[in-house]
Amino acid sequence: MTSGRLVLLLLLLLPSAASPVVADDVSWVWPLDPRPAVVRAYEEPAGPYAAGHRGLDVAGSAGAPVRAVDDGVVAFAGRVAGVEVVSVDHGGVRSTYQPVGALVRSGDAVRRGAILGRLLLAGSHCHPRACLHLGRRHGTAYADPLALLDRAAAVRLVTPYGPPPVPPPDPAPVLGGPGSLAPPVDGPVSSPFGMRVHPVTGQLGLHDGTDFAVPCGTPVRSAADGRVVGVDYDPVYGNRVVVDHGGGLTTRYNHLTRADVATGDRVGVGDVVGAVGSTGLSTGCHLHFMVLDGDRPVDPMGLL
Ligand SMILES: [Zn+2]
Ligand SMILES: [Zn+2]
């Protein structure tokens with residue numbers, strides 16, 4: 001049994017999540033020719049802020065033509081945080097292709113199977129090899145592209161977290177009030193916490209932190225005493241540092257050029273944990289500062 005068949009079988013065996021919102025006659029054609037091998041499957045995120053793999057990676061060679069999976073209109077074609085991306089709207093369902101050097105422009109109508117661009121190596125999820133990351137979105141919910149590519153009798157639509165999140169109310173009193181955290185950088189707020197239309201995807205969603213506009217390289221300081229519990233790289237948040245302050249309160253410092261601490265380090269308020277950068281899904285140097293109450297993001301400005 002091939003791994004592709006195995007994945008399909010597993011999908012068919014899993015219980016259906018929510019009711020399908022795509023018509024039974026909707027299917028996608030493979031974006032690469034001949035039908036590519038799946039290198040990495042879709043991994044359902046546990047929540048809107050959790051890790052996961054919000055798409056399907058399929059093997060390809062650099063320069064290969066990348067084709068539209070269905071009729072649609074190009075919603076975006078361009079560079080996002082250094083990676084070339086094409087996104088096509090199919091009327092409620094959106095397909096996203098990266099890294100792809102676009103041969104189409106935003107607003108172009110495309111037919112199923114039409115060439116959108118050419119597969120690139122830079123930005124590959126399979127570095128140092130080339131592969132295409134294909135994403136599928138229904139509104140703000142990600143779903144498994146494979147279910148539409150390998151459309152069989154049974155259809156499973158993954159709706160990992162349902163309707164768009166509503167911004168949480170003010171932080172719980174246990175977190176303290178204004179002034180209980182120190183500002184991690186000294187700079188103006190360029191994008192506040194709350195619901196916004198994503199600058200790249202055009203989807204309404206929760207901006208789960210506060211953006212501070214400060215130059216790359218600016219020292220980033222811990223907002224309170226605590227212990228470093230995470231130093232990692234995330235495709236969206238880039239290089240990030242997570243500090244646990246006890247009582248369920250953690251802070252996260254995202255898009256860093258580099259981290260200056262290691263997991264397990266103790267930090268005091270004002271200690272440097274890293275330097276401002278533009279790594280991950282970012283369009284310029286800034287700090288995306290997050291405060292979490294348990295695993296729930298809260299508005300940092302209520303605590304600064
Ligand atoms: Zn991927
Ligand atoms: Zn942000």
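Each ligand, and each atom within it, is numbered from 1 in the order the structure gives. Note that the coordinates shown come from a computational prediction; the quantities given were computed from them, not determined experimentally.
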Discussion item. To 10 degrees, how wide is the angle NE2 (H53) to the Zn ion (ligand 1) to ND1 (H125)?
Written reply: 130°
Worksheet item: Can an N, O or S atom be found in C131 less than 2.8 Å away from the Zn ion (ligand 1)?
Response: no
Discussion item. Strictly under 2.8 Å, is the Zn ion (ligand 1) approached by any N, O or S atom of H133?
Written reply: yes
Worksheet item: Which N/O/S atom belongs to D57 and is the closest one to the Zn ion (ligand 1)?
Response: OD1
Worksheet item: When you check the side-chain N and O atoms of H90 and S95, is any donor under 3.5 Å from an acceptor?
Response: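 A donor-acceptor contact under 3.5 Å links the two side chains.
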Worksheet entry | Partners meeting side-chain hydrogen bond (donor to acceptor under 3.5 Å, both in side chains) with E84 (sequence neighbours left out) |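 In terms of side-chain hydrogen bond (donor to acceptor under 3.5 Å, both in side chains), with neighbours along the sequence ignored, E84 is linked to R79.
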Discussion item. For N/O/S atoms only: which one belongs to H288 and is nearest the Zn ion (ligand 2)?
Written reply: ND1
Worksheet item: Is the shortest side-chain N to carboxylate O distance from R111 to D71 below 4.0 Å?
Response: yes
Worksheet entry | Vertex the Zn ion (ligand 2), arms to H207 NE2 and D211 OD1, rounded to 10° |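 Roughly 100°, rounded to 10°.
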Worksheet item: Of L120, V85, V80, which is the lone residue that meets side-chain contact (heavy atoms from CB on, under 4.5 Å) with Q98?
Response: V85
Worksheet entry | Which residues share a ring pair (Phe, Tyr, Trp, His ring centres under 6.0 Å) with H125, sequence neighbours left out | H53, H133
